[in-house]
J.: 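Here it is, the structure in full.
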Amino acid sequence: MSLFSSFSDTSNSISTERKTLFAEVIIPVPLKTTFTYRIPFELNDFVQSGVRVVIPFGRKRVLTGVVKSVTQEAPKGYSAKYILELLDEEPLITQTQIWFWSWIASYYMCSIGEVMNAALPSGLKLSSTSRLQLHPDWKNGINQEEIKEKQAEYDLSEDEIRLINLLELENSLTYEQAGEKLDLQDVYQIIKKLTQKRIVIIFEELKEKYSPLKEKQIRIAEKYATQEGIAEAFTKTTRSVKQEELLLTYLSKNPIKNYPKSISKKELLGENLSASSLKTLIKNGIFEEFEKTLSRFEFEEWTETESQISLTSTQENAVNQIFEHFQDKSTVLLHGITGSGKTEMYVSLIEQVLQSGSQVLMLLPEIALTSQIVVRLKRIFGNAVGVYHSRFSDNERVEVWKGVLNGDINFVIGVRSSVFLPFEHLGLIIVDEEHDPSYKQYDPAPRYHARDAALVLAHKHQAKVVLGSATPSVESYFLAKQKQYGLVEVLQRFGEATLPEIQLVDLKKSKKRKELKENFTLELFEQMKTALEQHEQVLLFQNRRGYAPYLSCEVCEWIPECQNCSVSLTYHQRANELRCHYCGFSTKVPQTCSACSSTKIYPKGFGTQKLEEDLQVLLPESRIARMDKDTTRTRTGYEKIIDAFEKHEVDILVGTQMITKGLDFEKVNLVGVFDADRILFFPDFRSSERFMQLIMQVSGRAGRRSGKGKVVIQTNSPSHPLFAIISLHDYQTFYNQEILERQEYSYPPFARLIKLMVRHEEREMAQKAAFILSKKLQPKLGAGRVLGPEAPIIERIRNKFQQAILIKLERNKFDLGKTKEFIQSQIDELYKDKSFKKIQVVVDVDFV
DNA sequence: AGCACGCCGACT
DNA sequence: GTCGGCGTGCTC
């Protein structure tokens with residue numbers, strides 16, 4: 001039930017002085033301003049920065065917003081509407097968070113409402129889920145006579161009676177439903193009156209939705225929890241085999257010495273045992289049944305911990321170096337190659353910071369989060385750790401949020417959005433795999449970079465940051481070299497392990513000699529066979545899911561394309577469909593070519609699914625699994641595959657990027673890489689960096705224990721200079737070359753990039769608007785700093801044509817804030833032209 | 001973003 | 001004559 005569902009009781013008002021107060025409210029709409037609402041007197045003492053409120057917005061809508069600040073100043077030019085309801089007794093959002101939201105909004109050029117949307121788990125933003133109910137004091141099911149009596153007593157209007165009658169029928173309604181059913185324009189006025197009269201209450205659906213997870217538990221009664229007791233219990237079950245079975249099962253799972261430990265009813269009954277017999281046992285007082293509130297995370301009963309991880313002297317030395325750097329630097333880049341034991345070093349750091357009483361946040365890339373590292377950390381830190389992940393249900397995320405807020409959780413492992421959790425006293429943020437592009441949010445605004453945002457957040461908390469990577473981003477490494485960050489390098493693998501050998505196989509030659517078996521070169525295939533003979537496992541990496549990227553006509557080379565986007569359609573074999581990965585469009589596979597009517601339409605290229613299928617034919621004896629977005633839709637899907645591979649129930653694992661992150665398998669010595677060229681020749685200034693990172697990461701999976709790992713890369717251009725560097729695992733040389741190029745062409749870290757994407761249904765309009773916008777920007781920024789407009793690689797998405805403008809701003813040469821304001825003002829000005837009303841400009845600051 | 005108001009075509 | 005198309009403008 002709502003805390004202050006009615007604000008009628010002026011007699012109880014704590015306020016002695018009737019001050020008129022206003023609240024600046026952050027509202028989940030993409031508008032750049034906050035909105036000012038009047039605070040009802042009754043709530044004067046309760047509305048404060050960081051609480052959620054329900055407010056009317058526009059004529060019909062009722063939204064949940066967050067109070068940014070409270071002022072005494074009345075807004076000018078309009079009269080503020082009243083806050084309808086207060087949802088929180090204490091702020092749910094801290095002052096630091098409000099500050100942080102504002103920073104993100106201004107740096108990434110979006111509205112604070114958009115930031116709020118990304119920051120709050122949906123369980124906390126109940127926009128239109130506030131529901132109405134009759135007040136429990138109001139008698140339900142009253143007859144017409146009584147209504148007439150009450151009508152006088154309560155001074156009820158016609159509409160109010162209609163709403164009451166509706167609620168008697170429907171039990172509960174949302175604001176919208178009430179408005180629709182009664183066909184009223186301003187329901188909230190009526191609702192407000194009825195709440196004041198204590199006839200109707202508003203309650204948060206959330207509080208019903210969000211309930212702790214409970215489970216029925218069974219344990220043996222205390223008086224039977226001894227050797228003698230057990231014997232006695234058995235005498236009482238002599239007549240029932242099923243009851244004996246239950247007792248025996250219980251004892252096998254839960255020895256008596258562990259009393260009062262219990263097991264879940266579900267588990268006890270798991271193997272087809274009789275529920276009615278259990279009932280009898282409970283009735284006879286041998287077992288006890290009770291409800292237990294579970295944490296939603298599965299590690300609640302860790303009795304032993306893996307703690308006191310022992311560090312090698314190299315690792316210990318690195319940890320000490322990190323602490324030394326922290327004396328005068330707030331950020332340290334930990335460049336530790338795969339297999340150097342970064343996790344162990346993190347654990348040591350985390351333990352020390354937690355002991356000092358500060359909070360710790362550890363960021364991991366999206367797909368690494370369900371992996372082994374999390375399991376390990378859970379084992380070590382037990383209940384004090386919260387895991388924040390998009391695959392978790394909303395309840396779980398709300399639980400972590402509240403846990404952080406009330407201090408139960410001091411350590412969070414999470415994806416990029418966990419920078420938004422309500423930390424009060426962060427001591428350390430670790431950004432693992434700091435180079436990973438999944439830290440940057442692409443699509444809905446805020447298009448923020450979690451690593452960069454974490455640095456700002458840490459600064460605000462005066463916390464320290466460790467950026468960890470085996471292949472640091474050029475930006476971070478540059479800053480470390482510039483001594484802005486401390487730099488700690490661990491370039492030795494743990495134990496005996498050495499870095500794997502990298503073998504390049506020339507695809508062109510292979511093709512010429514007709515040695516290709518499907519997509520396998522002879523070299524790779526033979527080595528796979530050898531590995532399997534020696535009972536080793538093999539990882540195959542192909543960064544493309546599905547069966548084939550596209551179809552093509554043998555005769556005229558026609559390729560089916562999406563009708564909404566300028567991309568070829570991907571062939572999905574299982575559904576026998578062509579699908580667009582950008583807009584979701586799908587169509588049946590055409591039987592004849594649309595251009596020449598030939599029937600010779602065949603799949604071209606290959607994805608993980610095809611590799612898997614071919615392998616089943618080429619190596620019928622081997623056990624093959626596939627790991628990509630399609631096989632890991634569910635949370636357990638991922639775990640099952642990893643588990644099977646760990647137990648060596650699978651010999652060959654085919655996968656996309658997913659297999660490259662944070663996995664540690666003992667028996668893998670061979671890794672095969674397909675289609676590497678696509679990343680290498682991707683037209684982007686980061687392609688070299690991406691490629692280097694990818695290959696280093698993939699090769700990190702091979703030979704982690706044995707020290708005889710091998711990576712076989714199939715490529716059309718084995719002579720590409722980057723391969724020479726990668727083969728030597730030589731990050732330094734890569735960096736030295738790359739940084740020169742970045743400097744020459746003024747790319748990050750020497751410049752900041754802002755991308756403006758101009759969109760319109762018509763190509764000409766998009767081009768025209770983008771051209772005009774770039775001309776508006778050029779005079780002040782300098783023509784050399786405004787590049788484009790030009791059509792991006794995919795010119796049309798969802799029936800909108802795009803034009804990209806790239807703005808390069810050299811570091812330390814610009815007042816970034818002012819420049820962004822200028823850019824925004826020019827965009828706003830563009831909109832003033834009536835013909836550009838339907839133009840959309842998407843701003844991406846520091847895009848990656 | 002939603003949602004309402006408003007001004008033009010194809011329908012009972 | 002109305003229903004509804006979506007262009008335009010506003011939301012405290």
J.: Rounding to an integer number of Å, can you tell me how far A:Met116 CE sits from B:dA1 P?
T.: 16 Å
J.: To the nearest Å, how far apart are A:Ile55 CD1 and B:dG2 P?
T.: 14 Å
J.: A:Glu160: what forms a salt bridge (Lys or Arg N to Asp or Glu O under 4.0 Å) with it, not counting sequence neighbours?
T.: A:Lys197
J.: Produce the list of close N/O pairs, under 3.5 Å, pairing protein atoms with atoms of nucleotides 10-12 of chain C; give distances to one decimal.
T.:
unit_1: C:dT11; atom_1: O3'; unit_2: A:Gly58; atom_2: N; d: 3.2
unit_1: C:dC12; atom_1: OP1; unit_2: A:Tyr37; atom_2: OH; d: 3.3
unit_1: C:dC12; atom_1: OP1; unit_2: A:Gly58; atom_2: N; d: 3.4
unit_1: C:dC12; atom_1: OP2; unit_2: A:Lys81; atom_2: NZ; d: 2.4
unit_1: C:dC12; atom_1: O3'; unit_2: A:Thr36; atom_2: O; d: 2.7
unit_1: C:dC12; atom_1: O3'; unit_2: A:Lys81; atom_2: N; d: 2.8
unit_1: C:dC12; atom_1: O2; unit_2: A:Thr36; atom_2: N; d: 3.0
unit_1: C:dC12; atom_1: O2; unit_2: A:Tyr78; atom_2: OH; d: 2.3
unit_1: C:dC12; atom_1: N3; unit_2: A:Tyr78; atom_2: OH; d: 3.3

J.: For the residue pair A:Asp452 and A:Tyr107, confirm or rule out a side-chain donor-acceptor distance under 3.5 Å.
T.: no
J.: Measure NZ/A:Lys838 against P/C:dG5 and give the value in whole Å, please.
T.: 15 Å
J.: Using the rule side-chain contact (heavy atoms from CB on, under 4.5 Å), only one of A:Val51, A:Ile39, A:Val54 pairs with A:Leu86; which is it?
T.: A:Val51
J.: Can you see whether A:Glu24 engages A:Thr36 through a side-chain donor-acceptor pair at a distance of less than 3.5 angstrom?
T.: yes
J.: Are A:Tyr448 and A:Phe420 an aromatic pair by the rule of ring centers under 6.0 Å?
T.: yes
J.: Tell me: CD1 of A:Ile27 to C1' of B:dG2, nearest whole Å?
T.: 13 Å
J.: Tell me the interatomic distance from A:Tyr831, atom OH, to B:dA1, atom P, rounded to whole angstroms.
T.: 9 Å
J.: What is the distance from CD1 of A:Ile839 to P of C:dT8, rounded to the nearest Å?
T.: 13 Å
J.: Which residue pairs pass the salt bridge (charged side-chain N to carboxylate O under 4.0 Å, His left out) test with at least one member in residues 796-806 of chain A, sequence neighbours excluded?
T.: none
